[in-house]
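Everything on this sheet refers to the single structure shown next.
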Amino acid sequence: MSLLNKKRKPFLGVSAPLGYVPGLGRGATGFTTRSDIGPAREATDISDERHGKPAHLQQKQDDDDDVDLNETNYDEFSGYGGSLFSSGPYDKDDEEADSIYESIDKRMDDRRKERREQKLKEEMERYRQERPKIQQQFSDLKRKLNEVSEDDWVNIPDVGDYRTKKQRNPRTEKFTPVPDSVINSALLAGGTENALSGRQQVRKGTVLGGFQTPFPGAMTPGYATPSADLDLIKIGEARKSLVGVKLDQASDSVTGQTVVDPKGYLTDLQSLTPASGGDIGDIKKARLLLKSVITTNPQHAPGWIAAARLEEVTGRMQAARNTIMKGTEVCEKNEDIWLEAVRLQPPDAMKAVVAQAVRQLPQSVRLWIKAAAVETEIVAKKRVYRKALEHIPNSVRIWKAAVELEEPEDARIMLSRAVECCPTSVELWLALARLETYENARKVLNKARENIPTDRLIWITAAKLEEANNNMPMVEKIIERAVASLKSNGVEINRDQWIKDAEECEKAQSVETCQAIIRTVIGVGVEEEDRKHTWMDDADSCVANSAYECSRAIYAHALTVFPSKKSVWLRAAYFEKNYGTRESLESLLQSAVKHCPKAEVLWLMGAKSKWMANDIPSARSILALAFQANPNSEEIWLAAVKLESENNEDQRARKLLQRARMNACTARVMMKSIKLEWVLGNIPEANKLLDEAVQKYPDFAKLWMMKGQLQEQEKNLPEAREAYKTGVKKCPTSIPLWLLLSRLEEKTGQATKARSVLEQGRQRNPKSPELWLEAVRIETRGGRKDFARTLMAKAMQECPTAGVLWSEAIFMEPRPQRKTRSVDALKRCEHDAHVLLAVAKLFWSERKVSKARDWFNRAVKLDPDFGDAWAYFYRFELQHGTEAQQESVSHKCVQVEPHHGEVWCAVSKAIPNWRLKTKDVLPLAARSLKPIEKE
C-alpha cells in the first residue's frame with residue numbers, strides 16, 4: 001500500500017484549474033468548448049452564486065485578501081507575503097533560472113537599444129528644431145562678432161537706465177539747505193514763558209508790552225535767552241573759518257599754486273601696502289584658523305609660516321616678524337621657518353637672525369647659502385662659505401658657490417680639495433680639468449674616470465681636450481673606449497642622448513669630437529633593415545637643430561654603408577647645396593658619379609654647379625663624361641644644349657641638337673630644336689622641323705601649341721586655328737590647347753565659337769577649373785557680368801576646392817562682400833597659393849600694408865614655384881617697401897627659380913625673353929600685371 005501511495009502522481013484527484021481545456025494546447029479541434037465560443041453570460045450579467053466555489057479555491061482567495069502589505073513583509077523574490085512558489089526554498093536551480101531569464105532580457109534589450117537610441121535622438125533633434133535654445137537663436141550674431149574691430153568695441157555706448165519706474169531728476173530736484181538765519185528766527189520765535197503768566201517776552205532789550213527789561217542785565221526767571229541756546233549763525237561762521245584755514249594750509253596765498261607735491265603724494269600712496277585684496281571678514285577667519293593651527297600643534301612649522309605671511313599680506317610687517325620669531329623658538333630645528341624668518345627681517349637684522357639659524361642648524365646648506373647672500377662684501381661671502389665647508393665638507397653646492405667667488409688660481413686649489421671631499425661629483429672634476437694644464441687635465445680626467453666609471457661626460461670632455469690640443473687620432477679612440485667601458489660597467493648606450501651630446505660639441509666648436517660621436521653611436525640599437533630610414537631621419541633632425549656638422553657626419557657614414565644608393569647621394573648633395581660650400585658640393589658629386597654613374601641628376605648637378613661658378617669648360621667636361629656614362633640620355637643632351645645656348649654658343653647648340661636628333665631623338669629634343677630655330681629667326685627651318693615633329697609625335701601637345709603660336713606670330717590665323725583644332729583632336733586632355741583655341745576664336749571676334757570650344761573642352765575634361773575660369777573671363781570681358789557670376793556659381797559647384805576659381809570669385813563680388821568671400825575661400829582652400837595671393841591683393845587694395853605683406857609671404861612660402869605670387873609681391877614692395885625689402889624679394893625669387901604661373905609663363909616663355917634669367921624676368925612680370933584697384 002505504501003508503494004502505491006509513493007507512485008501516485010501528485011495531480012491525480014486534484015480539480016482542474018479554472019479555464020482548463022483538455023487538448024487545446026496540442027491543437028485539438030475535434031470538439032468545441034466554452035473557450036472557443038466565449039462565455040455564455042454577458043459581462044454585465046449578475047453572476048450565478050447558486051453553486052459556490054470549491055473549498056480550497058475559496059480558502060486561497062481568502063488568503064490572498066489577507067496579504068500583509070507591510071514593508072517588513074516584502075521579499076525580493078517572493079514579493080508581499082509570498083508567491084506561487086514561495087512554499088519551497090530558493091536553491092541554486094532557481095538562481096540559475098533567474099540568471100538565464102535576466103541574460104535573455106538583457107540581450108533582448110541590447111537588440112533594441114540602437115533603434116531606441118536612434119529614435120530618442122531624432123525626437124530630441126525635432127524638439128530642438130521646434131524649440132531652439134536662446135544660445136542657438138543668437139549663434140549667427142555671435143559669429144559676426146569676430147568682424148567687429150577694436151575701434152567699434154571701444155565706441156559701444158554705455159547702457160542707460162531704462163527702468164519704467166519714474167526716477168527723481170537730480171538736475172530739477174535739488175536740495176537747498178535752509179539758511180541759518182531762518183532756523184535761528186524760528187528757534188527764537190518758539191521760546192515761551194514757563195514761570196510767570198502775564199510777563200511779556202523781551203528780545204534784545206526792546207519793549208514788548210508795558211515792561212522794559214535791560215538785556216545785558218539780570219535775566220527774568222523762566223525766559224529762554226538766545227545766549228543760552230546754540231547759535232547756529234556762529235557755528236556756520238566757525239565752519240567757514242575752519243575750511244578757510246585748511247585751504248590756506250594746502251595752498252600758497254601769494255602765488256595761488258599748490259604746495260603739495262603731486263609726484264611725492266602719489267609715491268606715498270604707492271608705498272602704502274594695501275590691507276588686503278579680499279574681505280576683512282575673510283582675513284579675520286583666516287587669522288583665527290591659523291591661530292588655532294599654531295595653538296593646537298605648535299611644532300607644525302608651515303602653520304607659523306602661513307600665519308606670518310597672512311600678516312605680511314595685510315601690511316602688518318611687525319606682527320609678521322613677531323609671529324615668525326615665535327615660530328623659530330618653538331620649531332628651532334626646522335629649516336624652512338628660519339629661511340622665512342630671515343626673509344621677513346629688515347636688512348639690518350637679517351645677519352643676526354641668519355647667524356642664529358646656522359647655530360641651530362649647522363648642517364643646512366640652504367641656510368649657509370642664505371647667510372652668504374645676506375653679506376654684501378665678497379670677502380665676507382668667502383668667509384661664510386669657508387665656515388660652511390668646515391661643517392659640510394661634502395656639499396657640492398657650497399663648493400661650487402665658493403669656487404665661483406675665487407680667482408682662477410685659488411679656484412684650482414679649492415677644486416683640488418673639492419674633488420677629494422666630493423669624488424662623485426662630475427661637475428667638480430670637469431671644472432678642475434678646465435683650470436689645469438693639458439697634462440694635468442689628462443691626469444684629472446683619468447682620476448675622474450676611476451672614481452666615476454659610469455659617466456659619459458668625462459669621456460666626452462677628454463675627447464674635447466685632445467681635439468683642443470690637435471691630437472686628432474686620439475679623439476676617435478677615446479669615444480670608442482668610452483662606449484666599450486660604459487657597456488662593460490652596465491650602462492645602457494642611449495643613442496639619442498649621445499647625438500644630443502654631439503650637437504652640444506658642435507656648438508662648442510669641437511667638430512672632430514661631434515663627428516667621432518656620430519660615427520661611433522649612429523648604428524647602436526638600429527635594425528639592419530631600418531638603418532637607411534633611421535639615419536635619414538637623424539640627419540633631418542640635426543638640420544632642424546642647426547647641427548650641420550652632425551648631419552654631414554651622418555650622411556658620410558650612411559654613404560660608406562650604402563655607396564650605391566642614389567637616393568642617399570641625392571639627399572647628401574641637396575644638403576651640401578643648401579648648407580655647405582660649392583667646393584664641398586662638387587667634391588661630393590665627384591664621389592657620387594663614381595659610385596652611381598647612371599644617375600643623370602648627379603651629373604647635371606655637378607655641371608650646373610660649375611656653370612653657376614662661370615667655369616664653362618669644367619661644366620662641358622662633366623657633361624662629356626656624362627655622355628660616356630649615359631650615351632643616349634635625353635636629359636644630358638638637353639643640358640648640354642642649354643649650357644651652350646645660354647652662353648650664346650648658338651652654333652654649338654645646333655650641332656648638339658642635330659646629333660641628338662640622330663642618336664637620341666625624342667619629342668623634347670625636337671621641341672628644343674624648333675624653339676632654337678624659332679628664337680634665332682629661322683622660321684622656315686622651324687616650320688619644317690614642326691611638320692616633321694608632329695608626324696613623329698602627334699600626341700605631344702606642346703608641338704601643336706608651338707605650331708599654332710608660330711602661325712599666329714606670322715599672322716596666319718586660319719593655319720593657327722587648324723593647328724589648334726588638330727591638336728585638341730590628337731591631345732584632348734591638354735587644357736592649354738583648348739585655352740589657346742578659345743582665345744584665338746575670341747581674338748577674331750567669334751565669342752560664341754570660343755564659348756563652344758570651352759564647352760567641348762569641359763565635356764572632354766570634366767572638373768577642369770582652368771576651362772571654367774576662361775569661360776567666366778570671356779563673359780566678363782564681354783560685359784556680361786551677371787552671366788559671368790552665374791557661370792562662376794556653376795564652376796564652383798563642379799570644382800568646390802579650386803583655388804583659381806575662388807581667387808577670381810573674390811574680386812567679382814562688390815567691395816563690401818569681398819572680405820566675406822575671402823573667408824569662405826580660406827575655409828575651402830586654406831592651403832592654396834592662389835587664395836592666399838587673392839587675400840594679399842585684397843589687403844593691398846584696402847591699403848593695409850603690413851597685413852598684405854604677411855599674406856604675400858605666406859603665399860610664396862606655401863608654393864615657391866608660383867611665379868605670379870613673386871611678381872605681385874615684388875610690385876607691392878616697389879610701391880610700399882624699401883630698397884632692402886625689394887632686394888630681399890628679388891633674392892628669394894632667384895633662389896627658388898619659379899616656373900609656373902599664368903603671367904609668369906607668358907613673360908618668361910615669350911620669344912624675346914628666352915635668354916633672360918629669373919632676376920630679369922621678375923621686373924618684367926611685375927610690370928605686366930593688372931593694376932590693383934584701390935578703395
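Within a 6.0 Å radius of CZ in Arg531, other residues, nucleotides and ligands contribute more than 12 heavy atoms. Residue Glu830 qualifies as open at atom CD: its count of foreign heavy atoms under 6.0 Å is 12 or below. Within 6.0 Å of CZ on Arg661 lie more than 12 heavy atoms contributed by other residues, nucleotides or ligands. Within 6.0 Å of CD in Glu529 there are more than 12 heavy atoms belonging to other residues, nucleotides or ligands. Counting heavy atoms of neighbouring residues, nucleotides and ligands inside a 6.0 Å radius, atom CD of Gln895 exceeds 12 of them.
Looking only at atom types and distance, the side chain of Lys507 has no donor-acceptor partner in the side chain of Ser546 under 3.5 Å away. Checking Ser584 against Thr581 by side-chain atom types alone, a donor-acceptor pair falls below 3.5 Å. Side-chain N/O atoms of Ser609 and Arg582 include no donor and acceptor closer than 3.5 Å. With hydrogens and angles left out, the side-chain atoms of Ser633 and Glu600 include a donor and acceptor closer than 3.5 Å.
Distance alone, capped at 3.5 Å, is enough to place a donor-acceptor pair between the Asp865 side chain and the His899 backbone. In terms of modelled atom types and a separation under 3.5 Å, the side chain of Ser587 and the main chain of Glu583 share no donor-acceptor contact. Between the side chain of Thr520 and the backbone N or O of Ala516 there is at least one donor-acceptor pair closer than 3.5 Å. Side-chain atoms of Glu467 come within 3.5 Å of backbone N or O of Thr513 as a donor-acceptor pair. Remark: side-chain polar atoms of Asp868 are paired, donor with acceptor, to backbone N or O of Glu902 under 3.5 angstrom. Side-chain N or O atoms of Arg668 include none that pairs as donor or acceptor with a backbone N or O of Glu634 at under 3.5 Å. For Trp806 (side chain) and Asp824 (main-chain N/O), no donor-acceptor pair under 3.5 Å exists by modelled atom type. With hydrogens and angles disregarded, a donor-acceptor distance shorter than 3.5 Å links the side chain of Asp832 to the backbone of His834. With Ser890 contributing its side chain and Glu887 its backbone, the two residues share no donor-acceptor pair below 3.5 Å. No side-chain donor-acceptor contact under 3.5 Å links Glu466 to the backbone of Ala463.
Geometrically, Arg858 engages Trp855 in a cation-pi contact defined by less than 6.0 Å to the ring centre and at most 45° from the axis. Seen from the ring of Tyr872, Lys841 counts as a face-on cation partner, given the 6.0 Å and 45° thresholds.
When every heavy atom of Ala871 is checked against every heavy atom of Ala926, the shortest pair comes out as O-CB, 3.6 Å. The two residues Pro597 and Ala629 make their nearest non-hydrogen contact at O-CB, 3.6 Å. Nearest heavy atoms, Ala441 versus Leu465: CB-CD2, 3.7 Å. Residues Pro769 and Cys799 approach most closely at N-SG, 4.1 Å, considering heavy atoms. Shown here for Thr733 and Asn765, the closest heavy-atom pair between the two residues is CA-OD1, 3.2 Å. Counting all heavy atoms, side chain and backbone alike, Leu862 lies closest to Ala833 at CD2-N, 3.7 Å.
No side-chain heavy atom of Glu503 sits under 4.5 Å from any side-chain heavy atom of Cys514. Glu877 has its side chain out of reach of Glu883: every pair of non-hydrogen atoms, C-beta onward, lies at least 4.5 Å apart. Contact check for Trp844 versus His880: side-chain heavy atoms found under the 4.5 Å cut-off. Looking only at side-chain heavy atoms (C-beta outward), Val524 and Trp498 stay at 4.5 Å or farther from each other. Looking at heavy atoms from C-beta onward, Arg853 lies in side-chain contact with Phe873 at the 4.5 angstrom threshold. Here the side chains of Leu922 and Trp904 are in contact, with some heavy-atom distance below 4.5 Å.
The CG atom of Leu625 sits 11.0 Å away from the CG atom of Asn630 when rounded to the nearest 0.5 Å. Within the model, atoms NZ of Lys464 and CG of Asn469 stand 14.0 Å from one another, a figure rounded to the nearest 0.5 Å. Separating the CG atom in Leu623 from the CD1 atom in Ile636 is a distance of 7.5 Å, to the nearest 0.5 Å. Note that the CD atom of Glu480 and the OG atom of Ser485 stand 13.5 Å from one another [nearest 0.5 Å]. Expressed to the nearest 0.5 Å, how far CG of Leu570 lies from OH of Tyr574 amounts to 5.5 Å. Between Ser645 atom OG and Lys672 atom NZ the span is 8.0 Å, to the nearest 0.5 Å.
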Query raised in the report: Could you go step by step and tell me if Leu457 and Trp429 meet the side-chain contact (heavy atoms from CB on, under 4.5 Å) rule?
Result: CA-CA 11 Å; Leu457 295 178; Trp429 283 106; over 6 Å; no

Query - Worked check of side-chain contact (heavy atoms from CB on, under 4.5 Å) between Asn913 and Ser908 - result: CA-CA 6 Å; Asn913 304 329; Ser908 63; over 6 Å; no

Query raised in the report: Do Val894 and His891 pass the side-chain contact (heavy atoms from CB on, under 4.5 Å) test, and can you show the C-alpha distance, the side-chain angles, and the key distance before you say yes or no?
Result: CA-CA 5 Å; Val894 170; His891 178 68; 5.7 Å; no

Requested in this report: Give the C-alpha distance, both sets of side-chain angles, the deciding distance and a yes or no for side-chain contact (heavy atoms from CB on, under 4.5 Å) between Thr666 and Val669.
Outcome: CA-CA 5 Å; Thr666 61; Val669 170; 3.2 Å; yes

Report task. Apply the test side-chain hydrogen bond (donor to acceptor under 3.5 Å, both in side chains) to residues Lys532 and Ser567: give CA-CA distance (whole Å), side-chain angles for both, the deciding distance (0.1 Å), then the verdict. Result -> CA-CA 10 Å; Lys532 177 186 170 186; Ser567 59; 2.8 Å; yes

Report task. Could you go through the salt bridge (Lys or Arg N to Asp or Glu O under 4.0 Å) check for Lys500 and Glu506 one step at a time? Result -> CA-CA 10 Å; Lys500 289 182 181 178; Glu506 179 178 352; over 6 Å; no

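Remark: Arg552 engages Glu549 in a salt bridge, criterion side-chain N to carboxylate O under 4.0 Å. Note on Lys443 versus Glu436: no salt bridge recorded, every NZ/NE/NH1/NH2 to OD/OE distance being 4.0 Å or above. Look at Lys655 and Glu644 and you find no salt bridge, because none of the NZ, NE, NH1 or NH2 atoms lies under 4.0 Å from a carboxylate O. The existence of a salt bridge linking Arg449 and Asp455 is excluded, since no basic side-chain nitrogen approaches an acidic carboxylate oxygen closer than 4.0 Å. Between Arg519 and Glu512, at least one side-chain nitrogen of the basic residue sits less than 4.0 Å from a carboxylate oxygen of the acidic one, meeting the salt-bridge criterion.
Screening Lys917, Lys608, Lys892 for a salt bridge (Lys or Arg N to Asp or Glu O under 4.0 Å) with Glu897, the sole residue that qualifies is Lys608.
For Trp535 and His557, the ring centers sit closer than 6.0 Å to each other. Two rings, from Trp569 and Phe562, have their centers 6.0 Å or more apart.
Classified by interplanar angle (parallel below 30°, tilted 30° to 60°, perpendicular above 60°), the ring pair Phe876/Phe856 is tilted. Below 30°, between 30° and 60°, or above 60°: for Tyr548 and Tyr579 the angle between ring planes is below 30°, a parallel geometry.
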